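Below: the structure, in structure tokens.
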Amino acid sequence: MLRKTCRGLFALLLLVLEWTRPGLPSPLRPICDLRVLNHFIQEARDAEVAMKSCREGCDLTEAASVPQTTVNFEDWEKKNAMEQAQEVQTGLWLLQQALSLLRTSMTNSELNSHIDSVIRNLQSITAVLRSLNFQEYTPPASAVGLEGTWRVSTAAELLQVHLNFLRGKVRLLLLDAQACQQEAS
């Protein structure tokens, strides 16, 4: 019995050591497969469609700062990966703040699950960025004065910005992420 347990522990140790051996590529990260991001985008679309059908109890109580979603490709390509990641992480933080505001101000219980799902997806994307070795993001004390932002006053606008941000800057960052490029080769 003890011999079998020792063999099992030894086999487990070998597996762990083999998996963590330096110089080997890490296992495929799911976000490098853009189907995961596409799933998040589809859930963002679903939330946007559900919000458009809402008639009452589903709006922001105050305007919220959100990231600009337009991408000037020339400027984007001039930025290094860390600058791009910082811009995306700031945008994700702004969207989380705005969606949390929407969640607390919304009285339509049917839409709560959509908003909760969208917030969880943003947290997942943030975790993925950390796993891709981008520098840890430290959010500012306030969104006031941040570059590259604008304000939305309706839930529909907020969800449109969220969808466009995922389809634009988040997708661009993940497509060019060095860790994903290494796994593709």
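Side-chain atoms are counted along with the backbone in the values below, which use heavy atoms only and exclude waters and symmetry mates. Computed from a prediction, not measured in an experiment: that's the story for all the values here.
- The two residues Ala63 and Arg151 make their nearest non-hydrogen contact at O-NH2, 2.9 Å.
- Across Val118 and Ala47, no two heavy atoms sit closer than the pair CG2-CB, 3.8 Å.
- The cluster map of Ile, Leu, Val, Met, Phe, Trp and Tyr, joined by side-chain heavy atoms under 4.5 Å apart, puts Val49 and Phe165 in different clusters.
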Would you please test Leu129 and Leu92 for side chain to side chain contact (heavy atoms under 4.5 Å, CB included) and show each step?
-> CA-CA 11 Å; Leu129 292 181; Leu92 292 170; 3.7 Å; yes
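- The CG atom of Leu111 lies 10.0 Å from the CZ atom of Arg103; values are rounded to the nearest 0.5 Å.
- Judged by distance alone, the side chain of Ser117 and the main-chain N or O of Ser113 form no donor-acceptor pair under 3.5 Å.
- Side chain of Gln84 to backbone of Trp76: a donor-acceptor contact under 3.5 angstrom is found.
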Does the pair Ile125 and Leu166 meet the rule for a side chain to side chain contact (heavy atoms under 4.5 Å, CB included), with working shown?
-> CA-CA 10 Å; Ile125 292 169; Leu166 293 180; 3.5 Å; yes
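- Put simply, the side chain of Lys79 never gets that close to the backbone of Ala85: no donor and acceptor are under 3.5 Å apart.
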Might you work through the side chain to side chain contact (heavy atoms under 4.5 Å, CB included) test for Ile119 and Leu95, ending with a clear yes or no?
-> CA-CA 8 Å; Ile119 291 171; Leu95 287 168; over 6 Å; no
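- Closest approach of Met51 and Ala156 over heavy atoms only: CG-N, 4.1 Å.
- A side-chain donor-acceptor contact under 3.5 Å links Asn164 and Gln160.
- Here the CG-NE2 distance, from Leu102 to His162, works out to 11.5 Å after rounding to the nearest 0.5 Å.
- Between the side chain of Glu157 and the main chain of Ser153, a donor-acceptor pair closer than 3.5 Å is present.
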